[in-house]
Protein chains: 2
Amino acid sequence: MRASGLRPTRQRVALASLLFGHGDRHISAEELHEEAAAAGVRVSLATVYNALHQFTEVGMLRILPIEGAKTYFDTNTSDHHHFFLEDENRLVDIPEGPVTVANLPEPPEGMEVAHVDIVVRLRPRRPR
Amino acid sequence: MRASGLRPTRQRVALASLLFGHGDRHISAEELHEEAAAAGVRVSLATVYNALHQFTEVGMLRILPIEGAKTYFDTNTSDHHHFFLEDENRLVDIPEGPVTVANLPEPPEGMEVAHVDIVVRLRPRRPR
DNA sequence: ATTTGTGCAAATCGTTTGCATCTGA
DNA sequence: TCAGATGCAAACGATTTGCACAAAT
């Protein structure tokens with residue numbers, strides 16, 4: 001964390017251990033705020049927002065590519081993709097594996113690929 | 001439109017022709033509302049929201065998979081993907097082409113793939 | 001005639017901001 | 001010491017909602 005140029009304040013350290021102490025997860029600011037409260041950590045919601053965005057800037061988190069009001073953050077920043085369950089509005093990791101994208105066109109001049117997000121949208125199977 | 005079970009009201013018809021009369025586009029509720037006003041069509045913003053969601057439900061529109069406050073709708077519902085320019089927060093179509101995804105895992109039991117969204121996030125090339 | 005849609009304004013919800021106060025280096 | 005963080009409450013912007021009125025079948 002110090003390596004990222006972020007001061008290891010009490011709040012940031014506490015939030016980071018909540019975030020990264022329980023495996024990979026998808027979480028919103030509100031949820032993290034509640035979790036902190038439940039864990040007895042006193043942090044304001046504004047600070048949670050700040051921390052989440054700062055962590056994202058330094059590459060510790062990634063913003064999930066889903067539409068909708070809330071922003072969800074992913075603690076897993078490695079290459080992996082998601083199923084989106086349309087009926088429950090929920091994202092599920094696609095297990096790391098051999099998923100590959102082929103034949104991507106060249107990015108425009110002066111740009112480079114930061115990363116590729118794939119969302120496989122699922123719905124209940126339609127009766128025939 | 002009648003085929004979709006939506007009554008062809010004056011407003012819906014007007015909005016549909018704005019949406020689909022100018023080729024493929026990415027548009028927000030606010031933008032469509034302004035465009036309607038500019039075209040002399042009187043519609044309330046609430047009606048624009050209603051129409052956009054109804055059109056989406058019947059498959060005439062698709063919601064774009066980007067994070068952030070506003071919801072953007074895509075008039076192109078065919079299989080195609082997007083570049084996301086991180087610095088300008090803008091989506092650009094990847095020309096229809098040979099982009100393919102390989103080795104997708106099977107969807108869970110009882111689910112089927114509605115469609116696959118691929119977003120290639122681009123950033124300005126880092127100087128070395 | 002009945003059902004469905006529309007407009008308006010107020011309400012909601014997630015997120016951001018301004019600013020005074022604290023805190024880590 | 002003091003730049004950078006935090007907390008609080010107010011401000012904001014996008015979207016939704018409630019309800020009276022209008023329009024489509």
Side-chain angles (χ1 to χ4, degrees), chain A residues 1-19 26-58 60-74 89-91, chain B residues 1-19 26-58 60-74 89-91:
Chain A
M1 184 141 144
R2 212 179 296 270
S4 312
L6 291 178
R7 275 199 202 169
T9 64
R10 197 185 312 105
Q11 294 83 336
R12 293 210 269 237
V13 171
L15 292 176
S17 55
L18 288 172
L19 283 171
H26 304 154
I27 197 170
S28 69
E30 192 81 39
E31 286 164 8
L32 181 56
H33 185 236
E34 282 166 19
E35 200 169 296
V41 180
R42 288 172 58 268
V43 229
S44 74
L45 185 53
T47 297
V48 172
Y49 275 103
N50 286 339
L52 286 171
H53 285 124
Q54 290 152 354
F55 292 169
T56 301
E57 269 163 31
V58 302
M60 297 165 62
L61 293 177
R62 206 171 262 183
I63 292 182
L64 288 164
I66 41 156
E67 75 272 4
K70 288 187 178 174
T71 302
Y72 279 86
F73 296 83
D74 194 340
N89 244 265
R90 198 161 60 81
L91 273 188
Chain B
M1 182 138 148
R2 212 178 295 268
S4 312
L6 291 177
R7 276 196 198 169
T9 63
R10 199 183 313 103
Q11 293 83 334
R12 293 211 268 238
V13 170
L15 292 176
S17 57
L18 287 172
L19 283 170
H26 303 156
I27 196 170
S28 69
E30 192 80 40
E31 286 164 7
L32 180 57
H33 185 235
E34 282 167 18
E35 201 170 295
V41 181
R42 288 173 55 269
V43 228
S44 74
L45 185 53
T47 297
V48 172
Y49 275 103
N50 286 339
L52 286 171
H53 285 123
Q54 290 152 353
F55 291 170
T56 301
E57 268 163 33
V58 301
M60 297 165 61
L61 292 177
R62 209 171 261 184
I63 292 181
L64 288 165
I66 40 156
E67 75 273 3
K70 288 187 179 173
T71 302
Y72 279 86
F73 296 83
D74 194 340
N89 246 265
R90 199 161 58 82
L91 272 189

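Quick note on labels: first sequence line is chain A, next is B, and so on, each numbered from 1.
When the P atom of D/dT15 is taken as reference, atom NE2 of B/H33 falls 13 Å away, rounded to whole Å. If you take CG of B/N50 and C1' of D/dA14, they are 15 Å apart, rounded to a whole angstrom. Distance A/L15 CG to D/dA5 P: 14 Å, rounded to the nearest Å. In this structure, A/L6 atom CG and D/dA3 atom P are separated by 19 Å, rounded to whole Å. As rounded to whole Å, 9 Å separates atom P of D/dA23 from atom CD of B/Q11. Atom pair B/E34:CD and D/dA14:C1' shows a separation of 13 Å (rounding to whole Å applied). Remark: C1' of D/dA24 and CD of B/Q54 are 14 Å apart, rounded to the nearest angstrom. Rounded to an integer number of Å, the gap from B/K70 NZ to C/dT16 C1' is 16 Å.
Atom-to-atom distance recorded for A/L32:CG and A/F73:CZ is 9.5 Å, nearest 0.5 angstrom.
The nucleotide whose nearest atom lies closest to any side-chain atom of B/V43 is, among D/dA9, D/dT15, C/dG7, C/dG7. When the nucleotides C/dT15, D/dT15, D/dT17 are ranked by their closest atom to the side chain of A/A29, C/dT15 comes out on top. Taking every side-chain heavy atom of A/R2 into account, C/dA25 is the closest of D/dT16, C/dG7, C/dA25. Closest to the side chain of A/A69, out of C/dT6, D/dT25, C/dG14, is C/dG14. Here the side chain of B/E30 is nearest to one of C/dA25, D/dA14, D/dC8, namely D/dA14. Of the candidate nucleotides D/dA24, D/dT15, C/dG7, D/dA24 has the atom lying nearest to any side-chain atom of B/T9.
Closest approach of B/H26 to B/Y72, counting heavy atoms only: C-CD2, 4.3 Å. Between B/L45 and B/A29, the closest heavy-atom pair is CD1-O, 4.2 Å. Minimum interatomic distance between B/V48 and B/H33 (heavy atoms only, all atoms of both residues): CG2-CD2, 3.9 Å.
Contact annotation: B/Y49 side-chain N/O to D/dT16 OP1/OP2 distance is not under 4.0 Å. Between B/H53 and D/dT15, a side-chain N or O to OP1/OP2 separation shorter than 4.0 Å is absent.
Both B/R42 and B/R7 lie near DNA chain C, and the one whose nearest nucleotide falls closer to the 5' end is B/R7. Comparing B/P8 and B/S28 along DNA chain D, the residue whose closest nucleotide (by nearest heavy atom) sits nearer the 5' end is B/S28.
Applying the 3.5 Å distance criterion, the base of C/dT23 shares no donor-acceptor pair with the side chain of A/R10.
Residue contacts for A/T71: at a heavy-atom cut-off of 4.0 Å it reaches the sugar-phosphate backbone alone, with no base atom in range.
Of the possible donor and acceptor atoms, one in the side chain of B/R12 sits under 3.5 Å from a partner among the backbone N and O of B/R7.
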